[in-house]
Amino acid sequence: MTDLETRVAPPHAPLLRRAVAALLGYAAVRALGLAVLAVWSAARGKSAYTLLTARWDSLWYTRVAELGYGYEVRLPNGDVHSNLAFFPLLPWLERLLHAVTPLSYADAGFVVSLLGSLAAAAGIYAVAERVYGARAGICAVLLWAVLPVGVVQSMAYSESLFTALAAWSLYALLTGRWVSAGVLAALAGLTRPVGVAVVAAVWTAGVVSFVREHGAERTPGALPSLYAPRRRRALGMLLAPLGAAAYVLWVGHRTGKGPLGYLDVQAGWRNGFDGGYAFARFVADKFTSFPSALAGLGLIVGVALLIWLYVTGVRERQPIELLVYTGVVLALALCASSYFGSKPRLLMPAFPVLLPLARTLAGPRAFRSALVTAGLAVVAAVYGAFWLNGSGPP
């Protein structure tokens, strides 16, 4: 059991060397998923690569990379889908890779996603190892790899890039690297709207540390803290919100609607935050017929499992920065008012909810854990191929 003050003592070997086993396992799971997707897609006369790089949000990102912002689609019902809804870091990286290599924008997005997924796996390992130990770190990475919608980690989407930035920002917080945490949080804020979760984690950890430090200094006989660490802590907190704030304010200026202009852009996509009311109605509507009732029951079980895992993390006294980050990601994903089919992938960055399961898998029965993980990898590969060749992620 760990908390903010008690961590697993880090080994002496460099972090990336310790993460090799986790990264190899992650690469194997993703390779299996891509292989199954390629075979399934070929059998249906489709291109697996097109599914990964040139459909759904991938097209919006590559269009931003190639043409910049300003493109929008007006639907017959009056809705306006503007590419201003998509944060800029991924298309910036696509444009950069396209400029310095022969890669197309779509190819560049695929490369960024693959590299981002590996960086995310390494970051997840770093966080889990810091909190629960090396074996739990490997298990956490593998659990993230075998998520049912894990194929999104290989798509030209921003989930992998965001998870990488978030995980390493959280690790920087856990290890007292405040400026690095702030810079990574700012970059996460340029990647997805849920970047506010990373900002919240940085600010909460910073405020808690200042309060505890102030209390310690008032204790008789306590040594005064150094000024430099406080200054770096404050700098990290100031840097953290700059990415998200800059883009949101820029969108407000471009649309002429002020600081809330980005909310109007999201409203054009019929996306917003209603506390989960629309999602609750969506689930309730599933119970109007028997076949769909099974799906409704599955949704209820899935949400209950997420809540149980989060509560388990609270009971195990996970570090406050992890709890705040995870709580905000879960709230934003579950309480969004539309795109219910997207919720599984929107939940994917909430990797700390997997830590209690990783701790269990890291127990003494390694062979059983390996069998469970292998079985989940096969199921995830098959489901990912079926999903992308069907409705796919909106």
Side-chain angles (χ1 to χ4, degrees), residues 16 18-42 46-58 61 90 93-94 97 103 106-129 136-168 191 344-351 353-354 357-358 361 369-390 392-393:
L16 290 181
R18 304 197 303 269
V20 166
L23 293 177
L24 290 176
Y26 177 80
V29 173
R30 291 271 38 88
L32 173 63
L34 293 177
V36 173
L37 175 63
V39 172
W40 192 299
S41 301
K46 296 182 179 181
S47 166
Y49 191 69
T50 298
L51 294 175
L52 293 170
T53 63
R55 291 191 69 186
W56 305 294
D57 288 6
S58 300
Y61 282 119
L90 176 57
L93 294 175
E94 290 177 347
L97 269 182
L103 296 175
D107 295 337
F110 184 64
V111 171
V112 171
S113 180
L114 290 183
L115 295 178
S117 67
L118 288 172
I124 292 170
Y125 173 85
V127 171
E129 182 206 48
I138 295 173
C139 291
V141 170
L142 294 178
L143 285 173
W144 193 68
V146 302
L147 290 174
V149 294
V151 68
V152 175
Q153 297 164 17
S154 301
M155 297 179 67
Y157 273 39
S158 60
E159 274 79 5
S160 291
L161 176 62
F162 173 80
T163 305
L165 294 168
W168 283 108
T191 307
R345 70 174 178 88
L346 297 179
L347 289 164
M348 196 164 58
F351 67 90
V353 299
L354 300 173
L357 293 177
L361 280 177
S369 298
L371 286 180
V372 170
T373 305
L376 291 174
V378 173
V379 171
V382 173
Y383 178 77
F386 167 77
W387 190 43
L388 285 196
N389 280 276

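Any value given below was found using the heavy atoms of this structure, including those in side chains, with hydrogens, waters and symmetry copies removed. None of the values given here were measured: they were computed from a predicted structure.
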Quiz item: Heavy atoms, side chains only, cut-off 4.5 Å: are T53 and S58 in contact?
Solution: no
Exercise. State whether the side chain of S113 and the backbone N or O of G109 hold a donor-acceptor pair below 3.5 Å, judged by distance alone.
Key: no
Quiz item: Donor-acceptor pair, Y125 side chain versus A21 backbone, under 3.5 Å?
Solution: no
Practice problem: Run the numbers on Q153 and L114 for side chain to side chain contact (heavy atoms under 4.5 Å, CB included), then give the verdict. | Solution: CA-CA 7 Å; Q153 297 164 17; L114 290 183; over 6 Å; no
Quiz item: Rounded to the nearest 0.5 Å, what separation is found between the OH atom of Y49 and the CG atom of D107?
Solution: 3.5 Å
Self-check item: Heavy-atom side-chain contact between L388 and L52 under 4.5 Å
Solution: yes
Quiz item: Between F386 and W40, what is the ring plane arrangement, given parallel below 30°, perpendicular above 60°, and tilted in between?
Solution: perpendicular
Quiz item: Quick one: are D57 and R345 in side-chain contact, heavy atoms under 4.5 Å?
Solution: yes
Exercise. Return the minimal non-hydrogen interatomic distance between S154 and F110, and the atom names on each side.
Key: O-CE1, 3.2 Å
Quiz prompt | Pairwise distance OG(S117) to CE(M155) - rounded to 0.5 angstrom | solution = 13.0 Å
Self-check item: Heavy-atom closest contact (L97 atom, V112 atom, distance)
Solution: CD1-CG2, 3.7 Å
Practice problem: Start with the C-alpha gap between V152 and W387, add the side-chain angles, then the distance that decides, and say whether side chain to side chain contact (heavy atoms under 4.5 Å, CB included) holds. | Solution: CA-CA 10 Å; V152 175; W387 190 43; 3.6 Å; yes
Self-check item: Rounded distance (nearest 0.5 Å) linking atom CG of L165 with atom OG1 of T191
Solution: 5.0 Å
Quiz item: Just by distance, do the side chain of W144 and the backbone of G150 share a donor-acceptor pair under 3.5 Å?
Solution: no
Exercise. Evaluate the criterion side chain to side chain contact (heavy atoms under 4.5 Å, CB included) for residue pair I138 and L361; output intermediate values, then yes/no.
Key: CA-CA 10 Å; I138 295 173; L361 280 177; over 6 Å; no
Quiz item: Would you say R55's side chain and T50's backbone share a donor-acceptor pair under 3.5 angstrom?
Solution: no
Practice problem: Kindly indicate whether the side chain of F351, heavy atoms from C-beta on, has any atom under 4.5 Å from the side chain of V127. | Solution: yes
Practice problem: Nearest 0.5 Å please: distance from the SG atom of C139 over to the CG atom of L357. | Solution: 10.0 Å
Quiz prompt | Working for side chain to side chain contact (heavy atoms under 4.5 Å, CB included), residues L93 and L161 | solution = CA-CA 10 Å; L93 294 175; L161 176 62; 3.9 Å; yes
Practice problem: Supply the atom-to-atom distance M348 CE to F162 CZ, rounded to the nearest 0.5 angstrom. | Solution: 11.0 Å
Quiz item: With a 4.5 Å limit on heavy-atom distance, are the side chains of V29 and L376 in contact?
Solution: no
Exercise. Heavy atoms only: give me the nearest A120-S160 pair and the separation to one decimal.
Key: CB-O, 3.8 Å
Exercise. Supply the atom-to-atom distance L51 CG to K46 NZ, rounded to the nearest 0.5 angstrom.
Key: 6.5 Å
